[in-house]
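Following: one structure in structure tokens, then a few remarks.
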Amino acid sequence: TKKQAEWEVIRQGLLAYKSVFGDVLVPRDFVVPDHDPDWAEDLWGLQLGAIVRRIRCGQYREHRAEMEAMGFAFRAAPRQWEDLRLGL
């Protein structure tokens, strides 16, 4: 289905982010960079930060267990994660 295909792109984006950065603490404004060999071409330009905001607002809750297994934090404020990533 279209919704399952959409989820698969998001799942791949989260897993790729974890592979590159070691976690899924995606900053609010993160967009997958274009022409970056660390990322699959079909993920280039994906607004992963915006997607993470929507996930924290309740979208894709049917995939919660899978996201938790990745280390996704549903209750954390995105600003907290940015501070952690920057060492503030």
Only counting residues at least two apart or in another chain, list the ones meeting side chain to side chain contact (heavy atoms under 4.5 Å, CB included) with D42.
A40
If you measure from CG on L14 to CZ on F72, what distance do you get to the nearest 0.5 Å?
6.5 Å
Considering residues at least two apart in sequence or located in another chain, which fulfil the salt bridge (charged side-chain N to carboxylate O under 4.0 Å, His left out) criterion with E6?
none
What pairs with K2 under salt bridge (charged side-chain N to carboxylate O under 4.0 Å, His left out), at least two apart in sequence or on another chain?
none
Could you tell me which residues satisfy side chain to side chain donor-acceptor pair (under 3.5 Å) with W7, sequence neighbours excluded, listed by chain and number?
H63, E66
Within the side chain of R53, is there an N or O that forms a donor-acceptor pair under 3.5 Å with the backbone of R28?
yes
Does M70 belong to the same Ile/Leu/Val/Met/Phe/Trp/Tyr cluster as I51, with side-chain heavy atoms less than 4.5 Å apart forming each link?
yes
Report the residues that fulfil side chain to side chain donor-acceptor pair (under 3.5 Å) with E62, sequence neighbours left out, ordered by chain and then residue number.
none
Which value, rounded to the nearest 0.5 Å, describes the distance between I55 atom CD1 and R61 atom CZ?
12.0 Å
Group every Ile, Leu, Val, Met, Phe, Trp and Tyr by side-chain heavy-atom contacts under 4.5 Å, then state whether L46 and V31 land in the same group.
no
Restricting to salt bridge (charged side-chain N to carboxylate O under 4.0 Å, His left out), what partner residues turn up for E68, sequence neighbours left out?
R64
Just how far is it from atom CD1 of I10 to atom CG of L43, taken to the nearest 0.5 Å?
10.5 Å
Minimum heavy-atom distance L48-G13, with the two atoms named:
CD2-O, 3.6 Å
Can you list everything that forms a side chain to side chain contact (heavy atoms under 4.5 Å, CB included) with T1? Sequence neighbours excluded, please.
K3, Q4
Of all heavy-atom pairs linking W44 and P33, the shortest is CD1-O, 3.2 Å
All side chain to side chain contact (heavy atoms under 4.5 Å, CB included) counterparts of V20, not counting sequence neighbours:
D38, W39
